[in-house]
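Counting begins at 1 with the first residue of the sequence. Both ligands and their constituent atoms are indexed starting at 1 by order of listing.
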Amino acid sequence: MSSNSGIQIPSRLPLLLTHEGVLLPGSTMRISVETARNMHLVKNRLLKGTSLKSTIIGVIPNTRDPEYDTEDLPTLHSIGTAGLAVQVVGSNWPKPHYTLLITGLCRFRVAQLLKEGPFPVAEVEQLDKLEQYTSPDEMSEAAGPDGELGELSQRFYQAAVQLVGMLDMSVPVVAKLRRLLDSLPRETLPDVLASMIHTSNKEKLQVLDAVSLEERFKKTLPLLTRQIEGLKLLQKTRKPRLDDDKRVLAVRKGGVLPGRQFSLDEEGDDEDGDDTAVLERKVKGANMPEPALRVCLKELKRLKKMPQSMPEYALTRNYLDLMVELPWSKSTTDCLDIHAARVLLDSDHYAMEKLKRRVLEYLAVRQLKSTLKGPILCFVGPPGVGKTSVGRSIARTLGREFHRIALGGVCDQSDIRGHRRTYVGSMPGRIINGLKTVGVNNPVFLLDEVDKLGKSLQGDPASALLEVLDPEQNHSFTDHYLNVAFDLSQVLFIATANSTATIPPALLDRMEVLQVQGYTQEEKVEIAHRHLIPHQLEQHGLTPQQLQIPQDTTQDIISKYTREAGVRSLERKIGAICRAVAVKVAEGHNVTKSEAAPAERSAPQGAEHGGRKTSRGKPLSVGQEGGLTDWHSYSIRPCPQTYCSEGKRGRRAEEPDGVSADMAAPPDMPIVIDHIALKDILGPHVFEMEVSERLTLPGVAVGLAWTPLGGEIMFVEASRMEGEGQLTLTGQLGDVMKESAHLAMSWLRSNAKTYQLTNLVGGSDPLEGTDIHLHFPAGAVTKDGPSAGVTMVTVLASLFSGRLVRSDVAMTGEITLRGLVLPVGGIKDKVLAAHRAGVKCVIIPKRNEKDLEEIPANVRKELDFVTASNLDEVLNAAFDGGFPGMSNPLTLPHIVSKL
Ligand code: ADP
């Protein structure tokens, strides 16, 4: 072949050696680049070069066995194909590599190797002519001279036409190929067809090596004939089916990719065919509404025409799989019995009466009117108070599936509504995903933490939720991924939040808020014994016969190791105890098996079993016996009557003295956790009753704050120093709190004489020559709200008078400039926090008196409440023996100042 006319390839070409196949001119091939040599070629030549010339490389089949391929350059196959790198894709996973898409241009012969590293470059001789444009007439002229070559090319052309004729013309690739046969120069046909039909790499290599056109036709014609025979055989052996041909040709898009040949692999084809048929059957049987069915059938039709290797095939397939799996008309039957619901709610949850009552009302209305488009319930309260678990109980009472959707931190509306299918990695939103998971269209969806939804550039998920939760709209909720409407009206949505403050108003408007308050100490003890301990025992494979936690130990855990409104931390601590005891029990078990087997056998099972007389003061060291070296033993003592709910378990068999001396024995059961054991397992106390300790200086008072995590006590501190009357506030206070501080200061200054408040040098203006610093602890947490007003007045009054605030008093209330005390919110949580912290007296605004009804009777009994309508009353209650000036009526300061 001459190379003196048409397009010339560069005379020096970088060489890419590949094991992956043989690139023939006119075909396109994807080559994975992993070897160091080829990586260098891509990086230094393809990625750096800017001209078209620099994207032309020589591709040479690496004939060396890949198993024995080494670093050094193998003997080069003398003929290769110059190719144009059309696409370079880099990836770091699973290891750094590139994938090249290369279109073969023409053959070349390696004339001389110019350099070997970092990638080989050779002087090459172009073997095929590369025409710029040839009209069909010229082509036939060129390819159709008389003689043997002309006849060969004609036979080849006819065979190719016959082959294409056997395929389904409705497949776009086949139609394209048919057109190509007529428009391509005949001399290019052998290369193009050899790369498409079923040929081995060895056969392709022979085609590559066939430099003369005649030889090339001779080499490829038998391959073509073989393919035609194969197809004929296939069509004969198969029942004629409409889409057989389509499946015989498994071609990639473009149709000229080698390796994507006509497949004669019957089995694979069958499977594939069945697959779409199965899918079609599923689509038709999914009972989906008309519009969804129409979309599915359309997609299915597209899928059938798509070659499997197309990326879109997998996408469409996934889409159809999801559509089929969605519960369009699958639902569970509600089995609602209000009486049973009441029993179930009561048995699952202790206390929370108000919430349970409202939930029962809600369920009752549902029973009477099954198509209730009622409000969405939203449980608002601190963490661990049972919001999620009430949601789960509701699902159980209704006999519905339960699914929790955690919304905390979700800041992309596609999380709710899905991504459009045009995006790479698109997927449906959480609602549709949830429906797929539960498999029915009427589950209970718990939208957890709606108050923690974020916002970002990707849209506002809260507004997407609006559509989900609105009963007027949600019967046709359209997920972007599905792109067809799904009816959500049967789904029962329940939301939970820690605070309503951060729930977007529009969303809040759709929901009925039910406050779930924190628990009192007593309620927590009950919850622990009724629910948490049995649950944890079960989780750790223990039984009440092996581990018992008496009530006073539980109380200790609650007051000394946890400080929370809910019971989650308490549950974790109980879990820690169970784990520690499980080790003992497991080790004891081993000892029992190996050493104490006879004793075991003789002892009766159950409560009386294996008891060895030990006393509380003289604990049996199981740790040492069990093999743990440096671990304090648990106190093992007879099961106390108080904890054993069934009296019979409380008594242990009397055993002869001396048995306790048997130190090699396993631990006695049950292991009862007392205070010493508790300290061993959970470590030193985390929380102390520190209120009285911290109130030993003037200028400190206890305030009560409300946080989304429940009530908190807060030690407000004030100090003064020489200065110019500046008030400094620290502790990340919001504007309202800063204003409260100024109010407190002004009120105290205006009443300084009445209350005999002085500055550093005894002057009557507390601010004169003095700087004041007021600090609210937990400096890292932002605080705001007016309810710290009374605490600020008290703390400053203490500072200016030099008197100590009563150590057992905590307070809350907003103040006005005239010294009135206004009501505040969150009284129950605040009072419970004060009670938890061991405070004895709580000062609240008079107008909050009604809120005291919500407080459990036992807490009310243990606390003194002072209801104050003005600051006189607050100061009077906050200081031992009252506060000077308190006898004066409110108006007195005015009269004094006027005189
Ligand atoms: P929340 O959703 O409010 O953060 P959870 O529902 O996850 O809290 O509750 C945490 C744990 O506390 C659960 O194991 C739950 O069963 C238990 N729990 C909370 N309150 C009660 C209660 N009143 N009675 C029984 N168990 C409770």
Side-chain angles (χ1 to χ4, degrees), residues 341-360 376-397 402-409 444-453 493-500 502-503 511 513-540 549 551 554 557-558 561-579 645 706-711 826 828-829 832 836 854-856 858-859:
R342 187 192 298 274
V343 172
L344 197 106
L345 274 177
D346 278 339
S347 68
D348 277 1
H349 297 95
Y350 180 76
M352 37 172 43
E353 299 306 333
K354 220 165 138 186
L355 180 78
K356 285 193 282 194
R357 199 169 59 231
R358 179 64 189 94
V359 167
L360 279 176
I376 311 294
L377 296 182
C378 177
F379 303 148
V380 178
V385 289
K387 301 182 295 293
T388 314
S389 81
V390 169
R392 198 168 274 129
S393 290
I394 292 179
R396 269 214 296 158
T397 54
F402 176 81
H403 184 73
R404 175 173 166 266
I405 300 179
L407 294 175
V444 173
F445 269 172
L446 187 92
L447 304 172
D448 221 357
E449 323 236 35
V450 273
D451 57 333
K452 306 217 173 40
L453 280 174
F493 288 103
I494 297 173
T496 76
N498 289 143
S499 142
T500 50
T502 48
I503 304 180
M511 304 191 284
V513 171
L514 295 182
Q515 292 285 351
V516 194
Q517 259 105 13
Y519 296 116
T520 62
Q521 176 112 353
E522 286 67 26
E523 282 171 343
K524 285 187 187 174
V525 173
E526 280 300 323
I527 293 172
H529 285 274
R530 285 171 194 237
H531 300 281
L532 307 182
I533 296 177
H535 181 236
Q536 286 298 323
L537 285 179
E538 193 199 318
Q539 292 272 308
H540 291 83
I549 305 178
Q551 296 233 1
T554 319
I557 306 175
I558 295 167
Y561 293 93
T562 66
R563 186 160 284 178
E564 55 172 357
V567 290
R568 195 165 283 145
S569 192
L570 173 62
E571 190 170 14
R572 271 201 296 272
K573 299 287 176 208
I574 294 172
I577 293 173
C578 289
R579 278 197 300 279
S645 44
W706 181 89
T707 72
L709 310 185
K828 182 180 174 191
D829 282 327
L832 292 184
R836 273 202 295 276
E854 281 185 23
I855 292 163
N858 61 322
V859 175

Atom pair NZ/CD of Lys573 and Gln536 - distance to nearest 0.5 Å: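 Going from the NZ atom of Lys573 to the CD atom of Gln536 covers 12.5 Å.
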Rounded to the nearest 0.5 Å, what separation is found between the CD1 atom of Ile494 and the CD1 atom of Ile394?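 That separation rounds to 3.5 Å.
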Which residue supplies the protein heavy atom nearest to [atom], what is that atom called, and how far is it?
atom: atom 1 (P) of ligand 1; result: Arg568 NH2, 3.3 Å
atom: atom 23 (N) of ligand 1; result: Tyr350 O, 2.7 Å
atom: atom 18 (N) of ligand 1; result: Val567 CG2, 3.7 Å
atom: atom 2 (O) of ligand 1; result: Thr388 OG1, 2.4 Å
atom: atom 20 (N) of ligand 1; result: Tyr519 OH, 3.0 Å
atom: atom 26 (N) of ligand 1; result: Ile527 CG2, 3.7 Å
atom: atom 11 (C) of ligand 1; result: Glu571 OE1, 3.4 Å
atom: atom 16 (O) of ligand 1; result: Ser389 OG, 3.7 Å

Using a strict 4.0 Å threshold on nitrogen-to-oxygen distance, state whether Asp348 and Arg396 make a salt bridge.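 Yes, this pair counts.
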Under a heavy-atom criterion of less than 4.0 Å, does Asp348 contact ligand 1?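 Contact present.
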So, does Ala351 sit close enough to ligand 1 that a heavy atom of it is under 4.0 Å from the ligand?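 No, Ala351 has no heavy atoms under 4.0 Å from ligand 1.
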Which heavy-atom pair separates [X] from [Y] by the least distance, and what is that distance?
X: Leu446; Y: Gly391; answer: CD1-CA, 4.1 Å
X: Val385; Y: Met352; answer: O-CE, 3.0 Å
X: Phe379; Y: Val359; answer: CZ-CG2, 4.1 Å
X: Pro856; Y: Leu832; answer: CD-CD2, 4.4 Å

Would [X] count as being in polar contact with ligand 1, using the rule that some N or O on each side must be under 3.5 angstrom apart?
X: Gly386; answer: yes
X: Gly384; answer: yes
X: His349; answer: no

If you define the side chain from C-beta out and look only at heavy atoms, does anything of Glu854 sit under 4.5 Å from Gln515?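 Result no, sub-4.5 Å side-chain heavy-atom pair not found.
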More than 12 heavy atoms of other residues, nucleotides or ligands under 6.0 Å from NE2 of His535: is that the case?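 At most 12 heavy atoms, drawn from other residues, nucleotides or ligands, come within 6.0 Å of this atom.
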Numbered atoms and elements of ligand 1 in range of Pro383, under 4.0 angstrom, heavy atoms: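 Counting from 1, the qualifying ligand atoms are 4 (O).
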